[in-house]
Asks: 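Dropping a structure here in structure tokens format, bear with me for questions.
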Amino acid sequence: MAKGFYISKNMGLAGLLMGTVAVVIIIALAAVYDKEKTKNQNKPVDGVAMLTTASPTTSSTLSTPKDPWEHYRLPDSLSPVSYNITLWPRLVVNASTGLYIFTGQSAVVFQCKKDTDLIVIHCNKLNLTLLNGHHARLTGLDGATAPTVKTSWLQVKTEYLVIQLNGKLTAGKSYRLSTDFQGELADDLKGFYRSEYTEDGGKKVVATSQMQATFARKAFPCFDEPAMKAVFHITLIHQRGTVALSNDGTEVTMTRFEPTKRMSTYLLAFIVSDFDHITGSIENNNVRIWARRKAIAEGHGNYALNVTGPMLKFFERYYNASYPLSKSDQIALPDFNAGAMENWGLITYRETALLYDPAISSVGNKERVLTVVAHELAHMWFGNLVTLRWWNDLWLNEGFASYVEYLGADYAEPTWNIKEQTILNDVHKVFAVDALASSHPLSRKEEEVNQPDEISEMFNTISYSKVLYVLENLLQQGFLCSRTSPTSYLNEFAFNNTVYSDLWDHLQKAVLTTPGMSLPHTVHDIMNRWILQMGFPVVTIDTAMGHITQKHFLLDPDSVVDRPSPYNYTWLVPIKWMKGGVEREQHWLLQETGISNATGSEWVLANLNVSGYYRVNYDMDNWERLLNQLTTDHTVIPLINRAQIVDDAFNLASWKLMRLYLSQERDYIPWESALRNLNYYILMFDRGQAYGVLQGYLKMQITPLFEYFRTITVDWTRVPTGHNDQYNQINAISFACRMGVERCRVLTSDWFREWMLNPDHNPIHPNLKKTVYCNAIAAGGVEEWDFAWQMFKNATVATEAAKLRSSLACTKVPWLLNRYLDYSLDPAKIRKQDCTSTINYIAGNVVGMPLAWDFIRARWNYIYTEYGGGSFSFSNLINSVTRRFSTEFELKQLKQFKEDNARVGFGSGTLALEQAIERTTANIKWVAENQEHVMKWLANECT
């Protein structure tokens with residue numbers, strides 16, 4: 001799945017405008033919305049009598065699971081072999097129920113591994129037809145005799161269909177379990193669901209699917225765990241004029257598809273729509289991009305098609321393994337929970353992640369398409385061909401895909417130097433979370449990840465971004481460059497499942513067979529310290545004494561770490577470094593302390609090219625030497641390390657060290673690193689007396705960058721040629737307007753007013769739209785807001801709608817923000833997939849933050865019920881609304897919120913709530929210790 005916490009650069013920059021910490025957001029937004037009406041469950045539908053489902057009354061009251069159906073993990077007695085599934089989605093409302101529905105039949109062939117008189121199979125929100133008086137029909141295969149069914153029921157809490165038998169199934173024998181069922185084709189973005197859109201003046205309905213992580217059971221009864229791989233035979237019944245799509249092969253008949261490869265349930269997909277497509281080919285593989293007919297006709301799928309072919313060929317060479325399927329379909333959906341989903345052979349996307357309109361979309365939108373497509377294609381091998389055994393090792397899927405996504409994207413667009421952005425998109429982002437005492441290891445214990453909400457919590461920045469640089473530790477040693485280890489790993493475990501130690505085994509083989517390759521410890525010893533304990537070290541180099549030390553870095557050094565570590569929070573750290581501009585021999589720090597030859601009068605820089613997952617601190621003399629080099633000739637220091645120095649200085653030394661250097665820097669990556677760190681000061685001070693002097697100081701800092709881009713663009717009439725220069729132009733305008741540079745305010749307001757006078761002609765360059773929209777709306781009033789809202793409603797391109805939707809949250813008018821909050825819960829105004837992000841945008845506004853906090857507290861039960869359970873984005877809602885919290889009163893409110901809603905629950909936001917409390921505590925301490933000192937220093941600088 002695409003990085004949840006992953007947005008375009010423009011979106012991140014708008015976050016700066018709105019006062020939120022610029023972070024890459026994973027994912028995408030979604031909802032839990034159960035509209036099934038139990039009063040209709042017994043009514044005949046299309047001639048099928050439906051059976052109301054119920055579970056035994058005793059089971060739900062037990063606090064300690066005893067029976068197999070009370071556990072969230074399946075018993076190990078049965079293993080699926082194949083499914084034969086027929087589904088018929090109705091794209092019109094059913095007259096008798098008032099709902100959109102689908103009907104289906106499923107027959108799963110399974111093998112008995114252990115003698116048992118019990119069948120436990122996942123089934124959620126499906127109404128099962130009575131078959132011979134029971135929920136399912138069991139038959140024996142290949143001479144096996146099936147025992148009769150004794151009783152059956154649905155265990156709602158653990159989402160099972162439970163079948164007790166009058167006799168035992170025999171180990172080694174095969175059986176078939178058949179079910180007929182009906183489900184609601186709801187708009188809840190889970191399982192088999194519906195998406196709606198308007199085209200040519202009429203409403204159209206799409207039947208589509210999202211199975212990850214635990215939603216296949218909502219489409220048909222199944223063994224819904226990643227290790228329960230099987231072959232799927234899919235048949236879709238649909239009305240004439242629509243197109244049916246599924247995972248594998250071409251259509252044998254109108255709706256019957258070739259059997260899939262052996263695969264996990266969460267990778268299934270089936271879609272019925274009247275979409276159109278464009279086609280390309282790579283050797284014997286068809287590549288198709290599907291979307292709304294108008295989007296395809298206007299060429300919005302062309303860019304995705306153009307980069308898919310080259311990246312597929314790149315990954316084939318990288319993995320030394322052919323693409324496993326005969327076709328690759330990619331489809332853009334109007335309503336979709338995540339950014340994208342790597343369904344094998346039928347990848348689903350949000351429209352903003354697959355469609356690109358060069359006339360309307362920005363360079364950030366284009367890069368978003370490139371990187372998301374690269375991520376999903378990488379999964380076709382790592383994740384789909386070879387799959388994690390259980391969700392506690394999610395990083396095995398997502399982390400490796402995050403790593404090679406940059407390689408594929410760089411291959412498709414080599415002039416963008418996209419890998420340089422990993423320090424912003426991944427390292428700094430994950431540092432902010434992994435520095436908390438409430439963080440978690442990459443690989444958690446299986447017993448910690450069982451319930452659906454616990455599984456959803458794993459889709460976070462730790463799983464996606466941390467492993468990228470943990471793997472980089474090994475990549476930089478040279479043996480992974482040969483790619484023999486991933487290739488042998490894929491070959492051995494093709495169509496099967498693995499745990500992390502399987503990957504270490506193959507990496508270790510590469511070490512042993514690579515001439516001249518040596519490590520101070522085994523791969524297992526090195527890597528387990530990075531994945532089995534949370535956090536990361538700060539490595540401190542004393543250039544006066546030659547001492548080098550490591551220590552677990554924490555946001556609040558006084559916080560208590562309750563999670564034990566088998567390694568006592570020490571790591572085996574490979575340190576690449578240079579001295580005086582010359583790269584030196586790599587040093588391994590194998591204990592808490594060590595000795596280095598990093599002494600003398602020349603500047604020392606460690607973690608060269610940010611090849612390791614750790615922070616670096618120095619003695620003050622070396623900090624001063626680095627600063628002197630930066631102010632004298634900053635180009636001597638690698639670009640990515642300049643961003644690293646900025647981030648480490650803010651977090652370890654003092655941001656004041658950077659003030660002279662930044663006035664000379666023009667590159668995007670160091671500036672973006674600085675702005676994200678400065679944003680923390682803004683968040684802590686923008687509601688108090690310190691903000692005036694802070695704003696005045698930052699205005700002085702940003703003005704030279706603003707004037708630089710005004711000059712090179714000839715008064716904003718030209719677009720910078722460099723990819724990253726275009727991003728930094730956005731930075732310059734965004735931050736200058738935010739800090740009150742009058743020329744910037746006039747510029748953005750005039751552009752927006754020109755558009756208001758002629759709505760059919762937008763004079764604003766696509767790269768600048770988001771920052772111009774936001775600042776003009778912030779400086780304006782009701783007229784500007786209402787105009788933007790109308791443009792949002794009229795928008796037919798998803799990226800344009802997304803820019804307007806975020807910018808509408810920039811207004812400083814409280815009643816407009818309150819009205820917008822109300823709109824966010826109205827699906828007729830804001831799509832369900834966009835609800836929580838809209839609230840997040842409002843919370844990013846200093847005026848909107850308290851309004852959003854009051855809003856979610858007053859409506860928590862409704863928001864959680866309709867939008868929260870299982871939504872990967874729900875943790876982002878809690879993080880966004882609480883990010884400014886820095887007072888004892890806010891901490892008390894936060895704790896009270898936790899207590900008041902304990903019975904309702906927080907779903908996938910449970911850990912985020914704990915982290916919000918920890919972060920607020922740290923903020924209180926930081927403000928108390930630093931505010932007065934910072935104010936005095938800023939006042940002196942400004943005078």
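Throughout, numbering of the chain's residues begins at 1 and tracks the sequence. Here the structure is a predicted model, which is why all the values come from computation and not from measurement. What you see below is based on every heavy atom in this structure, not just the backbone, and it leaves out hydrogens, waters and symmetry mates.
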Asks: Assign the ring pair Y318 / F400 to parallel, tilted or perpendicular, where the plane angle (0 to 90°) is split at 30° and 60°.
Replies: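 Rings of Y318 and F400: tilted, 30 to 60°.
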Asks: Residues two or more places apart in sequence or in another chain: which of them pass side chain to side chain contact (heavy atoms under 4.5 Å, CB included) with P68?
Replies: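 For P68 the side chain to side chain contact (heavy atoms under 4.5 Å, CB included) partners, ignoring immediate neighbours, are P75, L118.
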Asks: Under the 3.5 angstrom rule, does the side chain of R217 hit a backbone N or O of D224 as a donor-acceptor pair?
Replies: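 Indeed, once roles are kept as given, a pair shorter than 3.5 Å links the two residues.
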Asks: Could you label the plane-to-plane angle of the F536 and Y613 rings as parallel, tilted or perpendicular, counting under 30° as parallel and over 60° as perpendicular?
Replies: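 If you compare the ring of F536 with that of Y613, the planes turn out perpendicular.
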Asks: Are the side chain of N84 and the backbone N or O of A107 linked by a donor-acceptor pair below 3.5 Å?
Replies: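 No.
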Asks: How long is the straight-line distance from CG of N337 back to OG of S873, given to the nearest 0.5 Å?
Replies: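 S873 atom OG to N337 atom CG measures 6.5 Å (nearest 0.5 Å).
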Asks: Do L78 and T116 come within less than 4.5 Å of each other through their side chains, counting heavy atoms only?
Replies: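 When only atoms from C-beta onward are counted, T116 and L78 do touch, with a gap below 4.5 Å.
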Asks: Could you give the distance from CG (N320) to CG (N491), rounded to the nearest 0.5 Å?
Replies: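 Between N320 CG and N491 CG, I get 7.5 Å after rounding to 0.5 Å.
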Asks: Main chain of E448, side chain of N392: is a donor-acceptor contact present, judged purely on distance under 3.5 Å?
Replies: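 No, N392 side chain to E448 backbone: no donor-acceptor pair under 3.5 Å.
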Asks: Centres of the W344 and F232 rings: under 6.0 Å?
Replies: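 When the ring centroids of W344 and F232 are compared, they turn out to be at least 6.0 Å apart.
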Asks: Donor-acceptor pair, S209 side chain versus F270 backbone, under 3.5 Å?
Replies: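 Answer holds: yes.
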Asks: Using a strict cut-off of less than 4.0 Å between a Lys/Arg side-chain nitrogen and an Asp/Glu carboxylate oxygen, indicate whether E258 and K327 qualify as a salt bridge.
Replies: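 No, this pair does not count.
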Asks: To check you understand the geometry: which heavy-atom pair defines the closest contact between V120 and L74, and what is its length?
Replies: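 Closest heavy-atom pair between V120 and L74: O-CD2, 3.4 Å.
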Asks: Just how far is it from atom NE2 of H506 to atom OH of Y489, taken to the nearest 0.5 Å?
Replies: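 The distance works out to 8.0 Å.
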Asks: Can you name the closest pair of heavy atoms from V386 and N397 and give their distance?
Replies: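 Smallest interatomic distance, heavy atoms only, reads O-OD1, 4.3 Å.
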Asks: So which atom in Q451 and which in Y72 form the shortest heavy-atom distance, rounded to 0.1 Å?
Replies: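 Closest heavy-atom pair between Q451 and Y72: CG-CE1, 3.3 Å.
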Asks: So which atom in D434 and which in S439 form the shortest heavy-atom distance, rounded to 0.1 Å?
Replies: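 For D434 and S439, the tightest heavy-atom pair comes out as OD1-OG, 2.6 Å.
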Asks: Does atom CZ (R389) have a neighbourhood of more than 12 heavy atoms from anything else shown, all under 6.0 Å?
Replies: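 Counting other residues, nucleotides and ligands, CZ of R389 stays at 12 neighbours or fewer.
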Asks: Evaluate the ring planes of Y500 and W395, with Trp represented by its six-membered ring, and classify them as parallel (under 30°), tilted (30 to 60°) or perpendicular (over 60°).
Replies: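 If you compare the ring of Y500 with that of W395, the planes turn out tilted.
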Asks: When you measure from the side chain of E398 to the backbone N and O of L394, does any donor-acceptor pair fall under 3.5 Å?
Replies: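 No; zero donor-acceptor contacts below 3.5 Å.
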Asks: Between E376 and E342 (side chain of the first, backbone of the second, donor and acceptor by atom type, cut-off under 3.5 Å), is there such a pair?
Replies: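 A pair under 3.5 Å: yes.
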Asks: Please report the shortest heavy-atom distance between D329 and L245, naming the atom on each side.
Replies: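 Heavy atoms of D329 and L245 come nearest at OD2-CD2, 4.0 Å.
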Asks: Using modelled atom types only, decide if a donor and an acceptor are shared between the side chain of Y175 and the backbone of T170 within a distance under 3.5 Å.
Replies: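 Such a contact is found between Y175 side chain and T170 backbone.
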Asks: Checking R529 now: which residues fulfil salt bridge (charged side-chain N to carboxylate O under 4.0 Å, His left out) with it, not counting sequence neighbours?
Replies: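 Partners of R529 under the salt bridge (charged side-chain N to carboxylate O under 4.0 Å, His left out) test: none.
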Asks: What class does the angle between the rings of H122 and Y160 fall in, given that below 30° is parallel, 30 to 60° is tilted and above 60° is perpendicular?
Replies: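 H122 and Y160: tilted rings.
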Asks: Please tell me whether T387 and K229 have a donor and an acceptor in their side chains that are separated by less than 3.5 angstrom.
Replies: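 Indeed, the side chains of T387 and K229 share at least one donor-acceptor pair under 3.5 Å.
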Asks: Between the side chain of E159 and the main-chain N/O of N124, is any donor-acceptor distance below 3.5 Å?
Replies: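 Judged by distance alone, no pair lies under 3.5 Å.
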Asks: Rounded to the nearest 0.5 Å, how far does CG of L189 lie from CZ of F215?
Replies: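 Rounded to the nearest 0.5 Å, the CZ-CG separation comes to 9.5 Å.
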Asks: Any donor and acceptor pair, going by atom type alone, linking the side chain of Q111 with main-chain N or O of S79 inside 3.5 Å?
Replies: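 It does not hold such a pair.
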Asks: Would you call the rings of W381 and F315 parallel, tilted or perpendicular, where under 30° means parallel and over 60° means perpendicular?
Replies: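 W381 vs F315 ring planes: tilted.
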Asks: Return yes if some donor-acceptor pair links the side-chain N/O of W390 with the main-chain N/O of V449 below 3.5 Å, else return no.
Replies: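 Yes, the answer is positive, given that a donor and an acceptor are paired below the 3.5 Å cut-off.
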Asks: Indicate the atoms forming the closest heavy-atom contact of L354 with A332, along with that distance.
Replies: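 Minimum heavy-atom separation between L354 and A332: CD2-N, 3.6 Å.
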Asks: Are K114 and D76 close enough for a salt bridge, meaning some N to O gap below 4.0 Å?
Replies: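 Salt bridge: yes.
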